[in-house]
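Heads up: the structure comes next, in structure tokens.
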2 protein chains.
Amino acid sequence: MTRILVVDDEPQILRALRINLAARHYEVAVAPDGASALRAAVDATPDLVILDLGLPDLDGVDVIHGLRGWTTVPIIVLSGRAGNQDKIEALDAGADDYVTKPFGIDELLARVRAVTRRTAIQEAELATIELGDHVIDLTSKTVSGDVRLTPTEWHILELLLRNPGKLISQRQVLTEVWGSRFVKETHYLRQYMAQLRRKLERDPAHPEHLITEPGMGYRFTP
Amino acid sequence: MTRILVVDDEPQILRALRINLAARHYEVAVAPDGASALRAAVDATPDLVILDLGLPDLDGVDVIHGLRGWTTVPIIVLSGRAGNQDKIEALDAGADDYVTKPFGIDELLARVRAVTRRTAIQEAELATIELGDHVIDLTSKTVSGDVRLTPTEWHILELLLRNPGKLISQRQVLTEVWGSRFVKETHYLRQYMAQLRRKLERDPAHPEHLITEPGMGYRFTP
DNA sequence: CGAATCTTGACGGGATCCGTACACAGGGGG
DNA sequence: CCCCCTGTGTACGGATCCCGTCAAGATTCG
């Protein structure tokens, strides 16, 4: 049984989510602010956290940091502001996905399924990963079918594949691969994403697994 | 029964791992620092070592070297820092896998299964190895067909052949064969790889088994 | 002493990376 | 409605790095 912790200060949203999630047979715990959210995460050990960024007591990013200090539980962030800066900060802090209010309940449920599926995959097997027609082995650095990748390509691909389904900000990739001085050089990244798609995707013009989230980053969808 | 030695200075982590591993029917030994870890590795002869890099007494990389001096026991490294430099140093020193804290216990268990499975396969197939037209016996250090190898050539070849299909970085070979002060002297390695290919490959100009992965290292392909 | 082995140095070809440039799509505002 | 602007995908050429190879001096060991 999947346990979900919902953190939001608006009673209506809290109620709507509890009802909808319970109807899908999720076990739901709720918290109205950041402090009680951190306590509830310890007590309830949820499998997923849905976190509103606009809390009365703590900054949402601080809550993410508080959780990431000791757990890798997936976090889906909700925010009323559509600004990109918030989203990127949340993702860099370690959030897994992001939904902007107002949102349809179906959209949220789809993200919930995506995230829970990703952790299930990770637990089951991380030796080899399938991507389109290819099988990728991260430990031995091999790709099926006579595909060869350069060091930089491996570096980027590994970051995405080790976080299946998770939205990775461009900033995250650039600091990881090139270093923090290169966060502005997004064209490096575009270059290599195109290269990876050419080598791995069935139809590079319409990628199925190495997905772009405009304004945000990239995502590997199994 | 698989014996696992867990080395970590944080009591909580030590306890969590012991309980979780014992529940999966692994036999668990623990050590709180580097010195006792090296002793415990002698006494308990573990089949796998889980090693935290942030130990109070010794640098984690030194512990890896201390173990690698006399055993090929698989090592999974834990680290609090996500920095790439640590990761590269640990893997070059001879670690088999790398997990960043905080980590899910299921992720670690998956890696444990992956590593034990890999080494089990490896040991079973280690008697004699075919490479092109030649048959190589690592225990008796002989090659079929009147081919003689020098000590240094054996050292390099053995490292590659004991990790079939796996990518071995140049740093790894250099530290293993010449010592860590020689990681810059890649031309040593080029020299000997050419030598090995001349002696073993059908067409040394187009090697089929001792493969170069540009920018990364070498790989033995069976 | 001599032969095998190990250590250096230098050089050319090729792959990779970097930087610039341009086409295209979508959204917002004039 | 059109234009601009942002964000993205794609192409191309030069600079740089990496690797294989030849050659030769130094060292070890029989």
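Letters go in sequence order (proteins before strands), and every chain restarts at 1.
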Expressed in angstrom and rounded to an integer, what is the separation of Glu201(B) atom CD from dT21(D) atom C1'? 16 Å
How is Glu185(A) classified with respect to the nucleic acid when contacts are heavy atoms under 4.0 Å: base, sugar-phosphate, or nothing? nothing
Establish, with yes or no, whether the OP1 or OP2 oxygen of dC18(D) is under 4.0 angstrom from a side-chain nitrogen or oxygen of Thr212(B). no
Value in whole Å for how far the C1' atom of dT7(C) lies from CD1 of Ile156(B): 13 Å
Report which part of the nucleic acid Phe182(B) touches: base, sugar-phosphate, or nothing (heavy-atom distance under 4.0 Å, all strands). nothing
Are any of Arg190(B)'s side-chain N or O atoms less than 4.0 Å away from OP1 or OP2 of dT7(C)? no
Would you check if Gln195(B) and Arg198(B) make a side-chain contact, meaning some heavy-atom pair closer than 4.5 Å? yes
N or O in side chain of Tyr192(A) less than 4.0 angstrom from dT16(C) OP1/OP2: no
State whether the distance check finds a donor on one side and an acceptor on the other, under 3.5 Å, for side chain Glu153(B) versus base dC6(C). no
dC6(C) P sits how many Å from Leu189(B) CG, rounded? 14 Å
Touch class at under 4.0 angstrom, heavy-atom based, for Thr186(B) against every strand present: nothing
Gln195(A) atom CD is separated from dC18(C) atom C1', nearest whole Å, by 13 Å
Atom OH of Tyr218(A) and atom C1' of dT8(D): how far apart are they, to the nearest Å? 7 Å
Figure out the CE/P separation between Met216(B) and dC19(D), and round it to whole Å. 10 Å
Quick one: is dT8(D) close enough that its OP1 or OP2 comes under 4.0 Å of any side-chain N or O from Gln170(A)? yes
Step through the shown structure and confirm whether more than 12 heavy atoms of other residues, nucleotides or ligands are within 6.0 Å of CD on Glu107(A). yes
Sorted by position of nearest nucleotide on DNA chain C, 5' first, the leading residue of Leu149(A) and His187(A) is Leu149(A)
Testing dT8(D), dC19(D), dC18(C) for proximity to the side chain of Gln191(A), the answer is dC18(C)
Do the non-hydrogen side-chain atoms of Pro46(A) and Ile4(A) ever get within less than 4.5 Å of each other? no
Taking NZ, NE, NH1 and NH2 as the nitrogens, is one of them in Arg68(A) or Asp96(A) under 4.0 Å from a carboxylate oxygen of the other? yes
Can you check side chain to side chain contact (heavy atoms under 4.5 Å, CB included) on Val7(A) and Asp52(A), steps first, answer last? CA-CA 6 Å; Val7(A) 187; Asp52(A) 183 10; 5.9 Å; no
Between P on dG7(D) and NZ on Lys184(A), what's the gap in Å once rounded to a whole number? 11 Å
Value in whole Å for how far the C1' atom of dG7(D) lies from CD of Glu213(A): 14 Å
Which one, dC17(C), dA11(D), dG9(D), comes nearest to the side chain of Arg198(A)? dA11(D)
Within the structure, does a side-chain N or O atom of Thr150(A) lie under 4.0 Å from either OP1 or OP2 of dT16(C)? no
Can you tell which of dC18(C), dT5(C), dT20(C) lies closest to the side chain of Trp178(A)? dC18(C)
Do His209(A) and Leu200(A) come within less than 4.5 Å of each other through their side chains, counting heavy atoms only? no
